[in-house]
Amino acid sequence: MSQKFYVLDVSYEIEAGKPVILIWAIDESGKRVLLKYDSFRPYFYVLPKEGADLEKLKKKISLVSQPKSPILNMEIVEKKYIGRPKKVIKVTTLIPESVRKYREEIKKFEEVEEVLEADIRFAMRFIIDKDVSPSGWIECETESLGTDKRYRVQEVLKIKDEPKRLEKIEKPNVSILAFDIEVYNKSGTPRPERDPIISIAFADEEGVVSKIAEDKNDAPLLWWFRNHILKKDPDILVGYNVNHFDWPYLIERAKFWKIPLDIGRKVGVPPSTGAYGHISVPGRANVDIYDFAKEVYEVKVKTLENIADYFDVMKKEERIIIPGPEIYKYWEDPSKRELLRKYNEEDALSTFLLSKLFLPFGEQLSYLTGLPLDQVMAASVGYRVEWYLMRIAFKNNELVPNRVERKVTQSYRGAIVLKPLRGVFHNVAVLDFSSMYPNIMIKYNVGPDTLVRPGEKVDPNDVYVSPVGHKFRKKPDAFFKKSLVTLLNLRKKIKEEMKELSEDDPKYRLLNERQKAVKVLANAHYGYMGWPHARWYCRECAEAVTAWGRELILKALKIARELGLKVIYGDTDSLFVIYDKEKVKKFIEIIEKELGFEIKIDKIYKTVFFTEAKKRYAGVLENGKIDIVGFEAVRGDWAEIAKEVQETVIDKVLRTGNVDEAIKYVREVISKLKRYEVPLEKLIIWKTLEKSLDEYKAEPPHVVAAKRALRAGYEVKKGDKVGYVIVKGPERLSKRAYPWFMIKDIKDVDVNYYIEHQVIPAAMRILGYFGVSEAKLRGREDGLWKFFKK
DNA sequence: TCCGGCTGTTG
DNA sequence: TCTTGCAGCCGGA
């Protein structure tokens, strides 16, 4: 009988010398099962050199066959390689690990041009070939193998026929368990070989539980951790920054005590490091919520508290926050241990609540790309696009190009940014080309397969010529075009389906996440082409796309002016115009008719303000909300106090036009600073260490502060955010930068720096354009001051 | 006073 | 480890 299964993860194992695909799944009744499929075999392609004798080559390949993993089959197949038809030999073997060895050997043959698709992991190969989607459904004929002590599932089943993809949107009840650990860290950054775990908390649908270590022996805690997961048997494990902190720490501590950490669904198998630096747990999806947080760029300092606060999951004012460097104190003091427990539990709970919010999108991205849920968010944007493209390639009989090491090649020209008209404007419409780059790629059939290479002869009627001279064949459809059309049509279909549903239908929510995932993938295609690491890298293609984009926006600008629309500003695919309803309507029609692209009103500003700087403006939207773009207020590398001041000034000036009140407000903040009444946390400046400390040529403040933290015993590495504060003293500024947690007394802080270099510049950036002088802002009269300065 | 290093942003 | 264009701070010559 045919059965339906929701796929959680796909892996494989070698059983009796043969590979068996393992599909960890949930059946329609909610039973956790393991499906075994034993008739899939690893393979790769051999692309012969021009004119090579294929039969001879086959014989030569058969000679390298090894008994442990013999070459089972060789077949000459017709494929396409970057759009050109090719005859290749498909070589099938037995053991996935042997593919690499065969590749290295066969690559050396003089008749061989390239060995292709020999670097696709076996489980992914299966997912692509059988069109299986993790976080989606399959249907197949099965035979029960009953229970099996080796696997922690309710039933093991053997797939008797072929697993078939099933389009079914409903989701079974997938169980989520969140956890968080706290560790002892008296001497700065905790070290697992020395510092024990002092508290662990779990959170799920049923609530929160935790356990605190009684002494420095954390073995009981580790056993409790293991047994709690096994008891709960979650499908998805979540945590915050677990891939780079909690898991490596737990694994080290478990090693120290020789405690088995086999918390997955395979008995005796501990977590291991996966392809994208994530921790892989057999049979469960181990998901790091930090991977979602990374992409929430509205939140600058991405601590769990900040992300949870931003998404209204747990407000900062309503919870306990213990600063990292002080955690150990709460454990050492018995009267404070309950606070530590509370803190730990609130972290686990907020992680759980965030996972409910984020996972649906991750599941849809997983469904589309084919990457299992635990990998898809850990993988970078480029890899997500690439796995999606590999599925498209398989469906179109296209060979997947190998990854090639490329030097940092010459860069290319990007988009156009118009110089804004300086000042305050009312009733401004922002007109945006819809999906400009994807639509250019589709219209001009852009791709490495249609690109006319130097020396190739073509009829001028058969190609599109970009403004920078690159030519693309009009036929057949480019590989990227197929991919994009598929995505754009899918999005249309999803949106139509959504119209039939009410917004509180769970199916609506799922479809909405899916259409968002589709959009993300489509929009990343252009950037992918310009990524030197991409398999389908094509610099000329990316260059042509931006060139067509520039042409398009300039043509639109001309049309707007001819219609008498006043253009204030424009960037890449948008034009800001004074909103004249009739003219804008006409403009949209002309763009559609004459240029063949869709342009839409994205938003309307009641008031919008520009300095002469590009990519910086602020406005009040029709709904009354303030929108700030580019200015210090929306950057993460300015002190909170400066951002707050600028935001308030913008609000006052744009909404009420009350410049005097803004001045009064700034003066008050300056006075507060002088009286040390602004809390330290609003004075921290956060910057990322983009390199490791010894790579810096210069010594900017955040590097100086980072070095101080390092000397104090804190681990500081590339990619970390460093929060520093400027203190008083005679030396130059950077020498006075200290890590925020090393400041003992707020009176050590150089408030003058914050007044002169943070608050006043941030306020003046706006007020300067309303005729306010720095002297006036400081409370002095204009005149003499100005005279002396000049 | 100018330039390069550096970061975080932009669409 | 998806792209380029841009502003602005800081140190050092």
Side-chain angles (χ1 to χ4, degrees), chain A residues 275-277 294-295 297-298 300-301 378-386 388-389 403 405-406 408-420 430 432-433 435-438 441 520-539 541-547 549-550 553 569-576 602 611-617 628-639 642-643 685-691 695-704 719 721-722 726 731-737 753 756-758 761-762 764-765:
Chain A
Y276 302 100
K294 274 195 297 200
E295 291 173 26
Y297 88 125
E298 292 88 338
K300 312 296 171 188
V301 182
S380 67
V381 177
Y383 290 108
R384 291 180 204 161
V385 174
E386 194 152 81
Y388 174 76
L389 289 173
R403 224 177 264 300
E405 287 291 328
R406 291 184 186 90
V408 187
T409 45
Q410 67 189 99
S411 65
Y412 58 90
R413 260 182 85 195
I416 281 184
V417 188
L418 304 180
K419 199 169 155 88
V430 181
D432 261 17
F433 279 102
S435 304
M436 188 204 242
Y437 285 175
M441 288 172 71
V520 165
L521 277 183
N523 287 342
H525 273 60
Y526 148 71
Y528 173 84
M529 295 191 302
W531 179 40
H533 198 57
R535 291 176 188 267
W536 281 279
Y537 172 70
C538 180
R539 204 207 78 238
C541 300
E543 198 169 22
V545 169
T546 57
R550 291 192 297 269
I553 200 78
Y569 176 64
D571 184 353
T572 311
D573 59 354
S574 66
L575 287 177
F576 291 49
D602 180 44
T611 68
E612 78 281 0
K614 295 173 175 183
K615 294 187 185 272
R616 292 193 167 207
Y617 54 92
I628 305 175
V629 179
F631 281 120
E632 287 78 359
V634 293
R635 293 178 61 99
D637 56 351
W638 281 69
K643 302 203 299 172
I685 297 163
W686 294 91
K687 271 195 170 75
T688 312
L689 278 181
E690 291 289 328
K691 315 175 204 187
E695 283 176 280
Y696 282 92
K697 287 184 196 160
E699 285 221 321
H702 73 296
V703 172
V704 173
K721 271 240 192 284
V722 180
I726 302 297
E731 307 99 321
R732 68 161 182 275
L733 195 137
S734 69
K735 289 265 187 270
R736 294 185 277 123
Y753 166 80
E756 298 298 327
H757 294 267
Q758 293 277 322
M764 277 307 289
R765 196 88 60 215

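Proteins get letters first, then strands, A, B, ... in listed order; numbering begins at 1 in each.
At a threshold of 4.0 angstrom between heavy atoms, the contacts of Val385(A) with the nucleic acid are absent. Within the 4.0 angstrom heavy-atom criterion, only backbone atoms of the sugar-phosphate kind lie near Tyr753(A); the bases stay farther away. Ser411(A) comes within 4.0 angstrom of the backbone, heavy atoms only, and of no base.
For Lys721(A), the side-chain hydrogen bond (donor to acceptor under 3.5 Å, both in side chains) partners are Thr688(A), not counting sequence neighbours. Legend: residues meeting side chain to side chain contact (heavy atoms under 4.5 Å, CB included) with Arg539(A), ordered by chain and number and at least two apart, are Gln410(A), Tyr412(A), Tyr537(A), Glu543(A). With sequence neighbours left out, the side-chain hydrogen bond (donor to acceptor under 3.5 Å, both in side chains) criterion links Tyr528(A) to Glu386(A). When the side-chain hydrogen bond (donor to acceptor under 3.5 Å, both in side chains) test is applied to Glu298(A), no partner is found at least two apart in sequence or on another chain. The side-chain hydrogen bond (donor to acceptor under 3.5 Å, both in side chains) check on Lys615(A) picks up Asp571(A), with sequence neighbours excluded.
When atom types are taken as modelled, the side chain of Thr546(A) and the backbone of Arg413(A) share a donor-acceptor pair closer than 3.5 angstrom.
Atom CZ in Arg539(A) sits about 10 Å away from atom P in dT4(C), given to the nearest Å. Residue Arg403(A) contributes atom CZ, which lies 11 Å from atom P of dC2(C) at whole-angstrom precision. Protein atom CH2 of Trp536(A) is 16 Å distant from nucleotide atom P of dC2(C), rounded to whole Å. Rounded to an integer number of Å, the gap from CE of Met529(A) to C1' of dT4(C) is 13 Å. Straight-line distance from the NE2 atom of His757(A) to the P atom of dC9(C): 10 Å, rounded to whole Å. Regarding Glu756(A), its CD atom lies at a distance of 18 Å from the P atom of dG8(C), rounded to whole Å. The distance from atom CE of Met436(A) to atom P of dC2(C) is 23 Å, rounded to the nearest whole Å. Look at CZ on Arg413(A): it is 8 Å from P on dG5(C), rounded to the nearest Å.
Nucleotides dC6(B) and dT1(C) have their P atoms positioned 15 Å apart, rounded to a whole Å.
Between dC10(C), dT3(C), dC6(C), one nucleotide has an atom nearer to the side chain of Pro701(A) than all others, and that is dC10(C). Among the nucleotides dC10(C), dC9(C), dT3(C), the one closest to any side-chain atom of Leu733(A) is dC10(C).
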Query - Base versus backbone protein contacts along nucleotides 4-11 of chain B [heavy-atom cut-off under 4.0 Å; B, S, -] - result: -SSBBSBS

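In this structure, Tyr383(A) and Tyr276(A) have tilted ring planes: the angle between them lies in the 30° to 60° band.
Comparing Ile416(A) and Gly527(A) by the nucleotide of DNA chain C that holds the closest heavy atom to each, the one mapping nearer the 5' end is Gly527(A).
In terms of polar N and O atoms assigned as donor or acceptor, the side chain of Tyr383(A) comes within less than 3.5 Å of the base of dT1(C) in a complementary pairing.
The side chain of Arg384(A) contributes no N or O atom lying less than 4.0 Å from OP1 or OP2 of dT1(C). Residue Ser380(A) places at least one side-chain N or O closer than 4.0 Å to OP1 or OP2 of dC2(C). For His525(A), no side-chain nitrogen or oxygen approaches OP1 or OP2 of dT3(C) to under 4.0 Å.
Considering CD1 of Ile628(A) and CZ of Arg616(A), their distance stands at 12.0 Å, rounded to 0.5 Å.
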